[in-house]
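I have placed the structure first, in the form of structure tokens, so that the comments after it can refer back to it.
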Amino acid sequence: MSLTLFRRLRRPVAVALVAAASTLASLSGVAQTALTTGGAEVRGFLARSSTIVYAAAYGGGLYKSTDAGATWARVDMPANERYLTSVAGNSASYMVVGADEGLLRSADGTSFTRILHEPVVAVAVAPGTSQVVLAGIKGVGVVRSADSGVTFTMANNTALDSLDVTALAFDPSNANVAYVATRPDGLGSRGGVFRSSDGGTTWTAHTGLPSGNNFVSSLAVDGNGMAYAGVLRPSDGAGDVYFRTSSGSSWSRAGTASVPEFFGVVSLHRDANTGTSIWAGSRGLGLRNGSGTSWSYMFSQTGQPNLFYTGINAVGTLPGSSVVLKAIRGAGVWRSSAAASPRSWTRVSFPGADRILSASGVAGSTSTLLAGLYAGGVWRSTDSGSTFTSPTVDASQADFSFGASASLVAPFVSIWELSASVTNASLVYAAAGGVGMYFGNDNPGLFRFNGMSWGGVGNNVPTGAPWNGNTENGIALNIQQVYGVSVNRANDQVAYTSYLTPGGVFTRSGASWAQVVPPGVTPQVRAVVTSANSSKLLALPFDDKATLS
């Protein structure tokens, strides 16, 4: 994660805490209820049997299901570790979990001990009875354990020209063969896939990927020793699956003329039942399954919600079961129980694991709540937070999910701020900062709820998906990085919104917006806050002092 993105993710939390400090203080000793939309951001699955499976969630911790992924319960972790990145194991009970807080080890899947304290981005456990465990640490490279993760030592990383590890994988039929993927530098040099023939003790470059395709996000090895590498290029968000034999000298691109492009690969998974079958989660075209050059989409072009033009963070299969689990970035976990073609999918709920950036009530309703998720769009509850519904799966409106075809994709965007009229239930604004399913600034901007659906706000906004536009003069349609919005409490015909690009504050009067830049500060305003009586406006610049009007 770049420094800039890190700051963007953390600052909203600080703003929210400052804005709510007095309210939180007044709630001391008052009974409170934890709410959840169930939109866990799962980074990895680990199946132990046809019914038992674990899910590692980034921001939510570790979860366990005993009914093949239909329901989930949170597993207690030392120091409440929540930002999990990976999970692996080679028996029905033993497992290791990678996390921003380190590496955790368990012999029974219930009690965990933290072994490492560095940020672990990937873990892999050798197959069979091997006691070898590999962990990838940011900026350090690969560390290795020969005693099932009790102790770790540095692997010989001399051959690695990048120490920014992205993925690890063992050959399931040979505990001596392992692979590691590392990220290139800022110029696209170095990095790629490296191979070990001694259980991760030493590494050699596994070269041969086409030029510009060394941005490897994920790895998998099938039952025949065929290695697969998923590519996600930051330059254009594209990339394919490549495969090669263990002793091969070059990589071949997966897919055929009928499946020409993966549109960026986020995750790879070897099927638990068919060792030569690989699952690939892409950035922009959902889930595929196949091997070599033969791949098939795992959704229907006609049925909803089978059509997922969205990023798949992780895939899980269970031995002896037809169940497949997929983690959609920003939309939680979806489950398919029947091996029909095309598969149908149902969202399952987690008892937590939300990355909620913003929240709002709705005028005239004491039981309606809105929650804006990181890369998850706006979720709604009509029962005081007991249950939440995801953005409506409807290609005719801007629902923060997806459009009607590949050319009309609307990702699950991040909702950095929600602001509602205190008297009009049909006037709610959402500031979509632009960091969504596409790992970039796709379909960001300002959105407005009119009582029936969400629509993009701007000049000459098209009426079709994904915008279903609300024309309000003064704001360019595809303006990006909208992080703040605030409706005047005394007069909801007045509102304010803030942008990093082109920057400043836009003020709304009626159906027209005008741009102003607070004097003496950077135009990159992160948020705007109105006082309780609407007599004051506070502008919070991205890298400058706050300004009061």
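Just so it is clear, the values below take in all heavy atoms, side chains as well, and ignore hydrogens, waters and symmetry mates. This is a predicted model, so every value here is computed, not measured.
Contact detail for A122 and A167: the closest heavy-atom pair is CB-CA, 4.0 Å. G484 and E417 make their closest contact through CA-CB, 4.2 Å (heavy atoms, listed as atom of the first residue, atom of the second, distance).
Between Y63 and the choices W72, Y54, F45, the side chain to side chain contact (heavy atoms under 4.5 Å, CB included) rule is met once, by W72.
Side chains of L84 and R43 form no contact here, defined as non-hydrogen atoms less than 4.5 Å apart. You'll find the side chain of I328 reaches within 4.5 Å of the side chain of I312, heavy atoms only. Put simply, the side chain of N313 does not reach to within 4.5 Å of the side chain of V42, judged on heavy atoms. A heavy-atom distance below 4.5 Å is found between the side chains of T368 and T382. Using a 4.5 Å heavy-atom threshold, the side chains of M95 and F112 count as touching. For the pair V362 and R380, the minimum side-chain heavy-atom distance is below 4.5 Å. Residues K326 and H269 are not in side-chain contact: their nearest non-hydrogen atoms beyond the backbone lie 4.5 Å or more apart. Residues V315 and V324 form a side-chain contact, since some pair of their non-hydrogen atoms from C-beta on lies under 4.5 Å apart.
Between the CZ atom of R335 and the OG1 atom of T71 there is a distance of 9.0 Å, given to the nearest 0.5 Å. The distance from atom OG of S509 to atom CG of N491, rounded to the nearest 0.5 Å, is 7.5 Å. L46 contributes atom CG, which lies 9.0 Å from atom CG of L62 (distance to the nearest 0.5 angstrom). Between atom CZ of residue R233 and atom OG of residue S217 there is a gap of 11.5 Å, rounded to the nearest 0.5 Å. In this structure, CG on L373 lies 9.0 Å from CZ on F388, to the nearest 0.5 angstrom.
Under a cutoff of 6.0 Å and an axis angle of 45°, R508 and Y429 do not form a cation-pi pair.
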Query raised in the report: So W513 and V457, side chain to side chain contact (heavy atoms under 4.5 Å, CB included) or not? Walk me through it.
Result: CA-CA 10 Å; W513 294 80; V457 171; 4.1 Å; yes

Requested in this report: Before giving the answer on side chain to side chain contact (heavy atoms under 4.5 Å, CB included), spell out for V87 and V97 the whole-Å C-alpha distance, their side-chain angles and the decisive distance to 0.1 Å.
Outcome: CA-CA 4 Å; V87 58; V97 177; 4.1 Å; yes

Requested in this report: Decide yes or no on side chain to side chain contact (heavy atoms under 4.5 Å, CB included) for N289 and W279, but give the supporting numbers first.
Outcome: CA-CA 4 Å; N289 175 248; W279 297 83; 3.3 Å; yes

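Relative orientation of the Y58 and Y83 rings is perpendicular, given thresholds of 30° and 60° on the angle between their planes.
Residue D76 qualifies as open at atom CG: its count of foreign heavy atoms under 6.0 Å is 12 or below.
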